[in-house]
Every structure is written in structure tokens, then in C-alpha cells.
Amino acid sequence: MHKQPDLTPEEDDDEGPSKSQLKREAHALLELGRTLVELPEGRLAALPLDDRLRDAVQLARRIHARSGRKRQIQYIGKLLRNGDPQPVIDALEAIQQEDRRAARAFHQLEDWRERFIHEGDEALSDWLAQYPGTDRQHLRQLIRQAQKDYRENRTKGPRALFRFLREVAESQTAGEP
């Protein structure tokens, strides 16, 4: 009969992560690699990637054969596993948060434009309370033109109104401390 060696409590607790956990982590890094390959060039340049990883991502972008691209992405996942992926993950998360913030701001401005088109001067006081430095007369002209163009199914007026709202909102947030 084969006798099991006696394990001390310290040796018994030192099993490390389970096989399933290791697979989940490897899969997450593979997905991170896929994300890196699909990022726009400007965003990729802003990430803290070492030269080998950056070269591997650039190569994967040039590979169009499905199986070759898949192997290259697996290689990128391996490079991420062998290095410290946390700075890349943190930088990518910061980019994604900024994208979400920009999308929220864009949708808020679209909502303002819709309010101006449908409510007119009623929405103007709410806007001026939030953005007191706005040129009221110019905004009223843009609202009237946007309303007219909206009734005539034209887009020039609503677009001009949106551009003005975006300029005002960006100038006010840029001026904040």
C-alpha cells in the first residue's frame, strides 16, 4: 500500500489558484489582446506596451487570414501572461471611462437640442442657469432657425445649434478648475 505523505497545514494551503481560475485569467488576457488589436492606432500609441507586445499587436493587425490572426492573438495573450498586464489594463480602462464620459456629454447635448427645438424659450432659462456665460441673443437665433429647419425636415439649423451648444459646454468645462 502506498501511504500519502503527511502535509503540514502550510503546505496544504499553498495549492495556489485552481486550474479553472488560471483558465479564466488566460481567457481574460486573450480578450485583452483582441481588444488591443482592434484599438485605433492613436489609442494604441497611448498605452504602456513594451516593444515586443506592440510589434505583436501591429503584426496581428496586418494578418488577414483567420487562423493566422487567431494564433497571433494567442501569442499576444502569452506575452501579456508573461509580463505585467495591469498597467495596460488600467490605461485601457481609463480610455474606456473617458469614452463613456464623452458619450454621456454628447447625449446630454442632443437632449438639450431636442428640448430647444420642441420647447423653445422654456428650455432657454434652464440652459442659462447651467451655462450663464452663453450669448443669449445668438442662442435664440439658432433656436428659431433650428425650429424652422426641423419643421421643413432640414438639418442645417439643428446641426448649427448642436455645434454652438457643444462649444459653450466645452468652453465652460475647460474653464473649470
Considering residues, nucleotides and ligands other than Asp51, do more than 12 of their heavy atoms fall under 6.0 Å from its CG?
-> no

Donor on one side chain, acceptor on other, Gln58 and Glu41, under 3.5 Å | yes

Between Glu122 and Arg115, does at least one N-O distance fall below 4.0 Å, as a salt bridge requires?
-> no

Ignoring hydrogens and angles, tell me if any N or O in the side chain of Arg69 forms a donor-acceptor pair with the backbone of Ile63 under 3.5 Å.
-> yes

Heavy atoms of Ala60 and Gln72 approach each other most closely as CB-CG, 3.4 Å

Where Leu36 and Arg61 come nearest, the two heavy atoms and their spacing = O-NH2, 3.4 Å

Please assess Arg43 against Asp99 for the test side-chain contact (heavy atoms from CB on, under 4.5 Å), listing each intermediate value before the final yes or no.
-> CA-CA 11 Å; Arg43 295 284 171 91; Asp99 287 349; 2.8 Å; yes

Does some side-chain heavy atom of Arg52 sit less than 4.5 Å from a side-chain heavy atom of Tyr75?
-> yes

Pairwise distance CG(Leu124) to CD1(Ile143) - rounded to 0.5 angstrom = 5.0 Å

Looking only at side chains, do Arg144 and Gln141 share a donor and an acceptor under 3.5 Å apart?
-> no

Residue pair Leu47 / Ile95, side-chain heavy-atom distance below 4.5 Å | yes

Could you tell me the separation between the NE2 atom of His138 and the CG atom of Leu161, rounded to the nearest 0.5 Å?
-> 9.0 Å

Compare every heavy atom of Ala91 with every heavy atom of Pro48, then report the nearest pair and how far apart it is.
-> CD-CB, 3.6 Å

Over all heavy atoms of both residues, which pair between Leu142 and Ala160 is shortest? Give the atoms and the distance, please.
-> CD2-CB, 4.2 Å

Run the salt-bridge test on Arg166 and Glu110 with the 4.0 Å N-O cut-off and return the result as yes or no.
-> no

If only atom types and distance count, is the side chain of Arg154 paired as donor or acceptor with the main-chain N or O of Lys148 below 3.5 Å?
-> no

Above 12 or not: heavy atoms from other molecules or residues under 6.0 Å from CZ of Arg81?
-> yes

Report, as yes or no, whether the 6.0 Å neighbourhood of atom CZ on Arg66 holds more than 12 heavy atoms from other residues, nucleotides or ligands.
-> no

To the nearest 0.5 angstrom, please state how far the CD1 atom of Ile76 sits from the OG1 atom of Thr35.
-> 10.5 Å

For the atom pair CG (Leu139) and CZ (Arg136), what is the distance rounded to the nearest 0.5 Å?
-> 9.5 Å

Ion pair Asp149/Arg159, N-O distance below 4.0 Å | no

Measure the CZ-CD distance between Arg24 and Gln21 for me, rounded to the nearest 0.5 Å.
-> 4.5 Å

Does Arg140 come within less than 4.0 Å of Asp135, counting only side-chain N to carboxylate O?
-> no

After noting the C-alpha distance and the side-chain angles of Phe162 and Phe106, does the key distance pass the ring-ring contact (aromatic ring centres under 6.0 Å, His included) rule?
-> CA-CA 10 Å; Phe162 182 84; Phe106 182 85; 5.1 Å; yes

All heavy atoms of Leu32 vs all of Pro85, minimum pair found to be CD2-CB, 4.5 Å

Distance-minimising heavy-atom pair for Pro17 and Leu22 | CG-CD2, 3.7 Å

Can you establish whether the number of heavy atoms outside Gln86 located under 6.0 Å from its atom CD is more than 12?
-> yes

Contacts of Glu114 that satisfy side chain to side chain donor-acceptor pair (under 3.5 Å) - sequence neighbours left out | His118

Check for a donor-acceptor pair, side chain of Arg54 on one end and backbone N or O of Leu44 on the other, with a separation under 3.5 Å.
-> yes

Minimum side-chain heavy-atom gap Leu165-Tyr131 below 4.5 Å | no

Going through the checks in order, is the side-chain contact (heavy atoms from CB on, under 4.5 Å) test met by Leu30 and Leu80?
-> CA-CA 8 Å; Leu30 189 65; Leu80 288 166; over 6 Å; no

State the CG-CG distance between Leu29 and Leu79, to the nearest 0.5 angstrom.
-> 11.0 Å

Can you tell me if OH on Tyr150 sees more than 12 non-hydrogen neighbours from other groups inside 6.0 Å?
-> no

